[in-house]
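Okay, so here's the structure we're looking at.
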Amino acid sequence: MKSSYKINMKAAATLIAAGSFASVHAATVTWDGGGSDGLWTTATNWDGDTVPVISDTVVIDTAVAVTKATGFENGLNVTLSNGATVANSSGNVGMGSSTFNIGSGSSMSGNVFRVWDTTKLVFDDGADINANTEFRGTKAGLQFNLGATGFTTVTAGNLQFWSGNDLSDVNFTVDLTDYTGGADTFTLIDWTNGSGSQRLGRSGLQP
């Protein structure tokens, strides 16, 4: 079953432009690829030869696929840009109540990413999710940053939340700061759900 979340720009006046999810972080750690193996857990792949720890700000700003086989550290603020991809190489990886900012041309890929109440996924116009990727958890915040002319639909695999079979516990935010167009309707995210009563249905999809 195919489902989607859309925004009608005629109703844009009811949306409050989103602020950033910025918070205080311990340090900024930038990918430099020095380890040449694409693994998140290889210290020499990061400037300072230090793997990100709890609450770090993480910057991956080059066209590289970075693979993570275990759960992410808690409270990270991760920014992917310039074609960067974070790939999940195992069956089930927790996102550590972190914020993932996915820039235009960048993506997330893999099997199951497990999200928690304070996990935030921020999609710029042009961000991508691999079609086989699933996000599961209690609930999460999903933010969509429109470009000047609109938004390119994010196509994901399954979205599954334990708290119910609709979107009532998911915090959707739309940032209209860069949007200069008029009244229109954009599909922000769509996905193909599998079977099971806990998977998201169609209720509540049209704001």
Side-chain angles (χ1 to χ4, degrees), residues 1-23 57-59 75-86 95 97-109 113-131 133-161 163-193 199-207:
M1 179 179 68
K2 196 74 170 179
S3 299
S4 62
Y5 183 85
K6 299 181 180 180
I7 178 174
N8 189 323
M9 297 310 297
K10 292 181 181 179
T14 65
L15 298 172
I16 299 175
S20 69
F21 289 124
S23 57
T57 293
V58 178
V59 177
L76 298 178
N77 190 314
V78 181
T79 297
L80 309 178
S81 61
N82 298 319
T85 296
V86 166
M95 297 187 75
S97 298
S98 296
T99 297
F100 286 76
N101 307 280
I102 307 168
S104 179
S106 294
S107 64
M108 296 189 71
S109 176
F113 289 99
R114 195 165 295 281
V115 300
W116 316 111
D117 289 13
T118 55
T119 301
K120 299 178 180 69
L121 302 173
V122 182
F123 301 102
D124 286 347
D125 180 31
D128 184 43
I129 296 293
N130 181 276
T133 299
E134 296 189 14
F135 293 94
R136 300 181 185 176
T138 51
K139 55 186 177 181
L142 302 181
Q143 176 174 329
F144 304 90
N145 299 332
L146 269 64
T149 59
F151 194 83
T152 304
T153 304
V154 174
T155 301
N158 293 322
L159 299 182
Q160 176 179 337
F161 294 89
S163 55
N165 60 359
D166 57 34
L167 298 177
S168 60
D169 287 330
V170 182
N171 179 24
F172 284 93
T173 307
V174 181
D175 189 331
L176 308 178
T177 302
D178 294 331
Y179 183 68
T180 58
D184 205 343
T185 298
F186 305 108
T187 300
L188 300 178
I189 186 168
D190 67 11
W191 60 90
T192 302
N193 290 320
R199 294 186 185 276
L200 292 174
R202 285 187 174 275
S203 59
L205 294 179
Q206 299 284 347

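Just so it is clear, the model here is predicted, and its values are computed rather than measured.
Between T57 and the options V78, T79, T99, N77, a side-chain contact (heavy atoms from CB on, under 4.5 Å) holds for only N77. Results of the side-chain contact (heavy atoms from CB on, under 4.5 Å) test with D124 over L146, T152, N145 single out N145 as the only residue that passes.
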Exercise for review: Please assess N171 against K120 for the test side-chain contact (heavy atoms from CB on, under 4.5 Å), listing each intermediate value before the final yes or no.
Suggested key: CA-CA 9 Å; N171 179 24; K120 299 178 180 69; over 6 Å; no

Exercise for review: Under the side-chain contact (heavy atoms from CB on, under 4.5 Å) rule, what do F123 and I129 come out as? Steps first, then yes or no, please.
Suggested key: CA-CA 10 Å; F123 301 102; I129 296 293; 3.7 Å; yes

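By the side chain to side chain contact (heavy atoms under 4.5 Å, CB included) test, T153 pairs with T155, T187, D190, sequence neighbours left out. Take S97 and apply the side chain to side chain contact (heavy atoms under 4.5 Å, CB included) test, not counting sequence neighbours, and it matches W116, T118. Legend: residues meeting side chain to side chain contact (heavy atoms under 4.5 Å, CB included) with D128, ordered by chain and number and at least two apart, are S107.
Scanning all heavy atoms of the two residues, the minimum distance from F186 to F151 falls at CD2-N, 4.0 Å. Nearest heavy atoms, S98 versus L76: OG-N, 2.8 Å. Closest approach of V115 to A140, counting heavy atoms only: CG2-CB, 3.9 Å.
Here OG of S104 is found 9.5 Å from CG of N82. Values are rounded to the nearest 0.5 Å. Here the CZ atom belonging to F113 is positioned 6.0 Å from the OG1 atom belonging to T133, to the nearest 0.5 angstrom. To the nearest 0.5 Å, atom CD1 of residue I189 and atom CZ of residue F172 are 6.5 Å apart.
Side chain of S106 to main chain of G83: a donor-acceptor pair is present (N/O by atom type, distance under 3.5 Å, no hydrogens or angles).
Looking at heavy atoms from C-beta onward, D184 lies in side-chain contact with Y179 at the 4.5 angstrom threshold.
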